[in-house]
*Asks:* 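Pasting a structure below so you can have a look.
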Amino acid sequence: MTKPILVAVAWPYANADIHVGNLTGSYLPADIFARYQRLKGNQVLMVSGSDAHGTPITVKSDAEGVSPETVYKRYHAGFLELFQKLGLHYDLFSSTHTQNHFAVSQAMFLALKKNGYLYTESQQQWFSASLGKFLPDRYVEGTCYICGFDGARGDQCDNCGNVLDSTQLINPRAKEDGSTPELRDTTHYFLDLGKLEGPVVQFLEERQGYWRANVVNRSLGWIRSEGLRGRPITRDLDWGIPVPEEGWDSKRLYVWFEAVIGYLSAAIEWAALSGEPGAWHRWWTEAGARAYYFIGKDNIDFHAIMWPAELIGVADEFAHTFEGAEGKPLNLPYDVPANEFLNMEDRKISGSRNWGVWGLDFLTRYDPDPLRYYLTVTMPETSDANWDWDDFVRRNNNELVATWGNLANRVLSFTYRHWEGKVPDPLPSSLRASETSEAIPSDRFLRPQDRQLLAAVEAGFDSVGQHIENVKLRAALGEAMRLCGEVNRYLDEQAPWAQVKTDKDAAGLTIYTALRAIDNLKLLLAPFLPHTSEALHSMLGYHAPLFGEQYTERINDDLGEHEVLRYRAAAIPGHWRPSTLEGGRALREPAPLYKKLEPSIADEERARLGGGAV
RNA sequence: GGCGAGGUAGCUCAGUGGUAGAGCAGGGGACUCAUAAGCCCUUGGUCGUGAGUUCAAAUCUCACUCUCGCCA
């Protein structure tokens, strides 16, 4: 029985490079979860894309004198490169700047309006007569009315850190041309969150039993203490999605409102690209489907409150508006396993201070799986965590290399030397030549200690799998690593290097068992360490790969061209079940899976922190 | 100031009522297939503080305290 699983991954804002905190916060856990679900045989759809709209991007484009599109495409290209190098297997990684996303967002808007959850309200906003337009808060500077600092922005004062009401700014001036703006009335659409508060609270309470405490308690606490109030979903801006309404040409849908719709629009775009336009319904309207949202804690409000509110608000009207057909309600999030933050050497990661480790830069010096390993064992699942370069080196050398890499290497190289590069046959040599041997299941000859080891390792398919399904990835990886220890212990007890001198059949049984254990561990670790599991898979003599392939594609629509990352599933998918390694199989020449790192690199890497601007 | 999360071995963290755990680091030992890796033994904690509930509390309640985050 296969289940549709939607793996909805946070949309990176296309105005900065991705750092290790972003990776461990949402992108990496999503990929681990998705890879497991695919191995398990479930129907996975993992989608995301670049968040291309909003003022941070227009601010950057103004500063550089290029179009917002140029800015977003530059960072988007970096995302695609990083995801391919790190092996983040998105079924589709698109962008919010596509004709499809525009259409889906506008349909959501219209469906909410039709259902009575939108209203308009007039508010005051700075208007520049010389520029002839309303100014977003970030585009106004002046004196902070709290601390008196003169360089405060309309939305926030960088001196005292307070969030400001821009209309109270003293001596306001337009950032763009220095002109003095005036307050004018402007009308906006609001999402009537007050009306949706009851259903949203009910949605959260139904999930309180299994959601992470920091996600559900925070959301419920916030609603109970402050209540939900209407929130503007349009703003005066010319970059973004037009409001589907006569006379609203100068306004755009607010980013917070439309970016989350990407989870839905990307599923729809994926379905269209796959040549099966209705296929998105499997994840979005079927009752048995589950949607997991992988995000960082800064996004909790939007995914645990706002997005559910939008989905509850459109109800079955979305399909009606979008497809003109009778529709079912859209599925609400099943889980939002938000992660906390990762600090860098005990300080907050900061792009402007160059305090952090950036994904693409890291991969110019190190391999992807050690990064995936370290980010998983330090994943901030319950509280903030810390990246420490000494710890990175230690864990790479003492855990990844010593416990697992060395285990694979010691068994494979021993086999290669003593059994001519083939899996030893568990049949006793006396039976091997006889005619009947092919009919005898080789497991029959395994000794109790062999069966015991294999049973312990095979139990990992349940225990590791259960942890992953509960999105406890640190625990899952820890369990898999513990099983590596079991195999190391078994080898020490059996000592095949001694057996081989006195009783080659016994040594053969030991090595056969150890190889099969490694073949299992390769799968148990594959969601976490896909590159090296794939390499080991190949050394064990398999030809069909465990996982599928990523590729990019350029799509043309009315907005122009956008590049997406896609995924082609493996022809013969891997399976989340015990190995049935057969004797006699030819192995490939083994090579170490991981490299030991010099402890000195910790100092070298720390020296890079905070250095010259990127 | 309000809300949320956290404060458990030197370090990173598990552990939500029943005699304190893991990994790493530290100390000792036997082995040698392996990336001087692996294996065995071992040192180490009054579970932030105080009180309460209970036959029994790291685990529940209350107060206090420190850290981080969000909001005001």
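First the proteins, then the strands, lettered A, B, ... as listed; each starts at 1.
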*Asks:* Which nucleotide in the list rC13(B), rC33(B), rC40(B) gets nearest to the side chain of Arg489(A)?
*Replies:* rC40(B)
*Asks:* Among rG69(B), rU35(B), rC33(B), which nucleotide has an atom closest to any side-chain atom of Asp492(A)?
*Replies:* rC33(B)
*Asks:* Test the Lys297(A)-Phe341(A) pair against the cation-pi criterion, namely NZ or CZ under 6.0 angstrom from the six-membered ring centroid and within 45° of the ring axis.
*Replies:* yes
*Asks:* Under 4.0 Å, heavy atoms only, any strand: does Arg410(A) hit a base, just the sugar-phosphate, or nothing?
*Replies:* base
*Asks:* Taking any strand in view, what nucleotide pairs with rA56(B) in a Watson-Crick or G-U wobble way, both distances under 3.5 Å?
*Replies:* none
*Asks:* If you compare every side-chain N and O of Lys297(A) against the phosphate oxygens of rC70(B) (OP1, OP2), does one of them come in below 4.0 Å?
*Replies:* no
*Asks:* Between rG29(B) and rU67(B), how far apart are the P atoms? Round to whole Å, please.
*Replies:* 45 Å
*Asks:* Would you mind reading off the distance between Met481(A) atom CE and rU12(B) atom P, rounded to a whole angstrom?
*Replies:* 20 Å
*Asks:* Between Glu381(A) and Lys472(A), is there a side-chain N and carboxylate O pair less than 4.0 Å apart?
*Replies:* no
*Asks:* Is Glu205(A) salt-bridged to Arg224(A), going by a charged N under 4.0 Å from an acidic O?
*Replies:* yes
*Asks:* Give me the distance, rounded to whole Å, that separates rU49(B) from rU32(B) when you measure between the P atoms they each carry.
*Replies:* 49 Å
*Asks:* Return the nucleotide paired to rG69(B): Watson-Crick means purine N1 to pyrimidine N3 with N6-O4 or O6-N4, wobble means G-U with N1-O2 and O6-N3, both under 3.5 Å.
*Replies:* rC3(B)
*Asks:* Using atom C1' in both nucleotides, what's the gap between rC64(B) and rG7(B) to the nearest angstrom?
*Replies:* 14 Å
*Asks:* Before we go on, tell me: are the rings of Tyr366(A) and Tyr594(A) under 6.0 Å apart, centre to centre?
*Replies:* no
*Asks:* Calculate the interatomic distance between Arg212(A) atom CZ and rG6(B) atom P; express it in whole Å.
*Replies:* 12 Å
*Asks:* With the criterion set at under 5.5 Å between ring centres and under 30 degrees between planes, would rC33(B) be stacked on Trp497(A)?
*Replies:* yes
*Asks:* Counting heavy atoms from C-beta on, name the nucleotide in rU35(B), rG38(B), rC68(B) closest to the side chain of Asn488(A).
*Replies:* rG38(B)
*Asks:* Look at the side chain of Asn406(A) and the base of rA34(B), then say whether one donor and one acceptor between them are separated by less than 3.5 Å.
*Replies:* yes
*Asks:* Taking only side-chain nitrogens and oxygens of Arg224(A), does any of them come within less than 4.0 Å of OP1 or OP2 of rG4(B)?
*Replies:* no
*Asks:* Side chain of Ser413(A) only, heavy atoms from C-beta on: which candidate in rC13(B), rC33(B), rA37(B) is closest?
*Replies:* rC33(B)
*Asks:* Check this for me, if you would: do Asp519(A) and Arg516(A) make a salt bridge, where the nitrogen-to-carboxylate-oxygen distance has to be below 4.0 angstrom?
*Replies:* no
*Asks:* Output the rounded distance in Å from NZ (Lys472(A)) to P (rU16(B)).
*Replies:* 8 Å
*Asks:* Mind checking who rG45(B) pairs with, Watson-Crick or G-U wobble, both distances under 3.5 Å?
*Replies:* none
*Asks:* Take atom C1' in rA58(B) and the same atom in rG18(B), then report the distance between them in whole Å.
*Replies:* 13 Å
*Asks:* Taking for each residue the nucleotide of RNA chain B with the nearest heavy atom, is it Gly405(A) or Glu399(A) whose nucleotide lies nearer the 5' end?
*Replies:* Glu399(A)
*Asks:* Heavy atoms from C-beta onward define the side chain here; which of rC24(B), rU35(B), rC68(B) lies closest to that of Arg394(A)?
*Replies:* rC24(B)
*Asks:* Figure out the CG/P separation between Asn397(A) and rU35(B), and round it to whole Å.
*Replies:* 15 Å
*Asks:* Nearest whole Å is fine: how far is rC11(B) C1' from Tyr374(A) OH?
*Replies:* 11 Å
*Asks:* Rounded off to whole Å, could you give me the CD1-to-C1' distance for the Ile518(A) and rA37(B) pair?
*Replies:* 14 Å
*Asks:* Give one of base, sugar-phosphate or nothing for Tyr594(A), where a contact means two heavy atoms less than 4.0 Å apart.
*Replies:* base
*Asks:* For the C1' atoms, the ones on rG45(B) and on rC60(B), what distance do you get once it is rounded to whole angstrom?
*Replies:* 23 Å
*Asks:* Between Val260(A) and Trp11(A), does a side-chain contact (heavy atoms from CB on, under 4.5 Å) hold up when you go through it step by step?
*Replies:* CA-CA 8 Å; Val260(A) 285; Trp11(A) 289 56; over 6 Å; no
*Asks:* So Asn217(A), base contact, sugar-phosphate only, or nothing? Heavy-atom distance under 4.0 Å.
*Replies:* sugar-phosphate
*Asks:* Applying a 3.5 Å limit to both distances, which nucleotide forms a Watson-Crick or G-U wobble pair with rA22(B)?
*Replies:* rU12(B)
*Asks:* Base, sugar-phosphate, or nothing for Leu593(A), non-hydrogen atoms under 4.0 angstrom?
*Replies:* base
*Asks:* Could you walk me through whether Phe33(A) and Tyr292(A) pass the ring-ring contact (aromatic ring centres under 6.0 Å, His included) test, one step at a time?
*Replies:* CA-CA 9 Å; Phe33(A) 186 81; Tyr292(A) 292 80; 4.5 Å; yes
*Asks:* Under 4.0 Å, counting only non-hydrogen atoms across every strand here, what does Pro592(A) touch: a base, just sugar-phosphate, or nothing?
*Replies:* base
*Asks:* Among rA34(B), rC24(B), rU12(B), find the nucleotide with the atom closest to the side chain of Asn398(A).
*Replies:* rC24(B)
*Asks:* Salt bridge or not between Glu534(A) and Lys522(A)? Use side-chain N to carboxylate O under 4.0 Å.
*Replies:* no
*Asks:* Between rC13(B), rC39(B), rU35(B), which nucleotide gets closest to the side-chain atoms of Arg474(A)?
*Replies:* rC13(B)
*Asks:* Give Arg482(A) one of three labels, base, sugar-phosphate or nothing, depending on what nucleic acid heavy atoms sit under 4.0 Å from its own.
*Replies:* nothing
*Asks:* What is the pairing partner of rA37(B), taking Watson-Crick or G-U wobble pairs with both distances under 3.5 Å in any strand?
*Replies:* none
*Asks:* Can you tell me the Watson-Crick or wobble partner of rU61(B), both distances under 3.5 angstrom?
*Replies:* rA51(B)
*Asks:* Measuring only the P atom in each nucleotide, how far is rG23(B) from rC39(B)? A whole number of Å is fine.
*Replies:* 10 Å
